[in-house]
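To find a chain, count down the sequence lines: A is the first, B the second, and so on, and within it residues start at 1. Note that the structure is a prediction, hence the values are computed from the model and not measured.
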Amino acid sequence: MLDHEYTTKEVFQNNFFSDWRKEMTAEERKVIKHLDKCDFTEIHRYFVDKTAARKALPKEEKQKLKEEAKKLQQEFGYCILDGHREKVGNFKTEPPGLFRGRGDHPKMGMLKRRVLPEDVTINCGRDSEVPEPPVGHRWKEVRCDRTVTWLAAWTENVQNSVKYIMLNPSSKLKGERDREKYEVARRLKGVVGEIRSQYRADWKSQEMKARQRAVALYFIDKLALRAGREKEEGETADTVGCCSLRVEHVQLHPEADGCPYVVEFDFLGKDSIRYYNKVPVEKLVYENLQMFMENKGPGDDLFDRLTTASLNKHLQDLMDGLTAKVFRTCNASLTLQGQLRALTRAEDSVAAKILSYNRANRAVAVLCNHQRATPKTFEKSMQTLRSKIEAKKKQVAEAKAELKKARAEHKCRGDGRSKSFLEKRGRLLERLEEQLGRLSTQATDKEESKQVALGTSKLNYLDPRISVAWCKRFGVPVEKIYNKTQREKFAWALDMAGEDFEF
DNA sequence: GATTCTACTTAGGATAATTGTG
DNA sequence: CACAATTATCCTAAGTAGAATC
């Protein structure tokens, strides 16, 4: 881990050293007292070399390794569920190592222990063959619980949470649940108008709790914020969602950028990804926020009378199956559908249509704040793209000069040959200009996408039937939108969605 | 009503595999 | 074909939500 910046952090070092001390023998403990006097470079080099050696392996050796992995997958990567053979998602337990949470995690550097068969609970059918534990070991427990979907589970020691072995997204079970999720979101689409008028009315409620709920719901609906459940302090990184927002996370501006009543959000959300947004809101929302913030310190809860549990209970009353996260799914899918409608032109080429699809996808990713680190190769590849553009510009300029020359020539000679030559020059210029245009949109796209992660929304928020219908309607092969794994996950949608599917 | 536990979905980074390019 | 760039897969952390327990 020495390559990583986080090993230099004090929290990481303290956690690691204290856990390491616990593993030492009494003798070792007497000798090894300060982390900063320890030199790990030798063991670090050992692993670096090992990785390099594996990379440098001859082709046949690599092939052999691949086949061995495949065999392992064949043996352990499948299960029988209700008579059907299904792929398992994660069929390996997690190896021991040093825990690295995301963001400013108080437990970074702690030792994550090796999982032993004695830690593992197996869940299988009553009359199925119980998998054998490794020789000399036994399972913690074998149970037959048909009400849950996991096949095995163990408790991880750092966060004291349960880890599960579950089915692959391609399985029938996961597919059905995925579909149900989108069906709930579609039902929300039908009643969201009513819900909106309800919460708008609640902005004026006598009850503080109802007002807070109504403002929070407005944000969840409008901005696709996460619910934001309360979490144990000191156990995880300090991140928030809607209901757990604190006064310090919002700033009110009576007027900003020419708009009245602007709310500026700045907080760390899931995975410590920063959410920053400046949004004009309605006057009543603004005034309510002012009131919620009165006589509070920066560290106080903005919605002190609200919990995700009470919000979800209220939502359940408004629509069966409705919870806060459904708004995010609904908003994302509707955004994709709307953007696709706005951006796709039937006469475009397939490549141009795919570009439109990716733009629509991007709009959703921006809405959901799905970010990624700028790729390491970004600057370099951007540079080559820029030089390509420069070269193309030069070509265009040359072609223009050539065209001018040809025009003069034709004026002077006026024969058929010079005319066809002139036309040829014209077509060349046209083609070059087109190419230049494509390159510069590519550059713009690249720049605007460098910190946007498209995969998360594609996999979790966008009803695949929207994409499938779009592909069918515009003659785009579905493989251009979904790769093999994605097609397996969305098999249920590939089968059923016709070109006129509407979310 | 608060807290803890359980089960599941959603998330970005690391790494492996594939594709593009000179 | 070698190497770089891009894309797919793997990995596991970090959320949501509801039930059980205090």
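- In this structure, the nucleotide among B:dA14, C:dA13, B:dA11 sitting nearest to the side chain of A:K163 is C:dA13.
- The main-chain N or O of A:A352 is found under 3.5 Å from a side-chain atom of A:S356 such that the two form a donor-acceptor pair.
- Remark: A:H370 is not in phosphate contact with B:dT10, judged by side-chain N or O atoms under 4.0 Å from OP1 or OP2.
- Contact check, A:T323 against C:dG18: no side-chain N or O comes under 4.0 Å of OP1 or OP2.
- In this model, the phosphate group of B:dA11 is not approached by any side-chain N or O of A:K325 to a distance below 4.0 Å at OP1 or OP2.
- Comparing atom distances between the A:E94 side chain and each of B:dT18, C:dG18, C:dT12 picks out C:dT12 as nearest.
- Side-chain atoms of A:D304 and A:Q212 include a donor-acceptor pair closer than 3.5 Å.
- Closest approach to the A:F99 side chain among C:dA14, B:dA17, B:dA11 is made by C:dA14 (side chain taken as heavy atoms from C-beta onward).
- Among the protein residues, A:G455 comes within range of no part of the nucleic acid, since none of its heavy atoms lies under 4.0 Å from any strand.
- When each of C:dA5, B:dT6, C:dA13 is scored by its nearest atom to the side-chain atoms of A:V162, the top-ranked nucleotide is B:dT6.
- Closest to the side chain of A:K388, from the set B:dA7, B:dT21, B:dA14, is B:dT21.
- As rounded to whole Å, 15 Å separates atom P of C:dT6 from atom CG of A:N358.
- Atom NZ of A:K484 and atom P of B:dA17 are 13 Å apart (whole Å).
- One atom, CG of A:L167, and another, P of B:dA7, lie 15 Å apart when rounded to the nearest Å.
- Residue contacts for A:T239: at a heavy-atom cut-off of 4.0 Å it reaches the sugar-phosphate backbone alone, with no base atom in range.
- Rounded to an integer number of Å, the gap from A:L367 CG to B:dT10 P is 15 Å.
- At a cut-off of 3.5 Å, with distance as the only test, no side-chain donor of A:S244 or A:K231 sits close to an acceptor on the other residue.
- Distances from the side chain of A:K376 to the nucleotides B:dA14, B:dC8, C:dA17 place B:dA14 closest.
- When heavy atoms are screened at a 4.0 angstrom cut-off, A:P95 is found touching the sugar-phosphate backbone but no base atom.
- Relative to the side chain of A:A324, the nucleotides B:dG13, C:dA17, C:dG15 differ in distance, and C:dA17 lies closest.
- For the pair A:Q486 CD and C:dA8 P, the interatomic distance rounds to 7 Å; values are reported in whole Å.
- Summary of the strand contacts: A:W150 and A:D271 both lie near DNA chain B, and taking for each the nucleotide with the nearest heavy atom, the more 5' one is attributed to A:W150.
- If you check every strand for non-hydrogen atoms under 4.0 Å, A:K174 touches sugar and phosphate atoms only.
- Aromatic rings of A:F12 and A:Y6 (six-membered ring for Trp) have centroids within the 6.0 Å cut-off, being under it.
- Comparing A:V148 and A:R226 along DNA chain B, the residue whose closest nucleotide (by nearest heavy atom) sits nearer the 5' end is A:V148.
- Rounded to whole angstrom, the span from the NZ atom of A:K270 across to the P atom of C:dA17 amounts to 11 Å.
- Side-chain atoms of A:E67 do not come within 3.5 Å of backbone N or O of A:K64 as any donor-acceptor pair.
- The phosphate of B:dA14 (OP1 or OP2) has a side-chain N or O of A:H4 nearer than 4.0 angstrom.
- A:R100 has its CZ atom 11 Å from the P atom of B:dG13, to the nearest Å.
- A:A373 comes within 4.0 angstrom of sugar-phosphate atoms only, judged by non-hydrogen atoms across all strands, and of no base.
- A donor-acceptor contact shorter than 3.5 Å is absent between the side chain of A:K112 and the backbone of A:V158.
- Distances were taken from every side-chain heavy atom of A:K181 (C-beta onward) to each of C:dA17, B:dT10, B:dG12; the shortest belongs to B:dT10.
- In terms of phosphate contacts, A:Q371 brings no side-chain nitrogen or oxygen within less than 4.0 Å of OP1 or OP2 of B:dG12.
- Distance from the side chain of A:K446 is smallest for C:dT6 among the nucleotides C:dT6, C:dG18, B:dT18.
- Under 3.5 Å, the side chains of A:S310 and A:R213 contain no donor-acceptor pair of N or O atoms.
- Residue A:Y164 places its side chain closer to B:dC8 than to any other of B:dC8, C:dA13, C:dT6.
- In this structure, the CZ atom of A:R229 is 12 Å from the C1' atom of B:dA7, given to the nearest Å.
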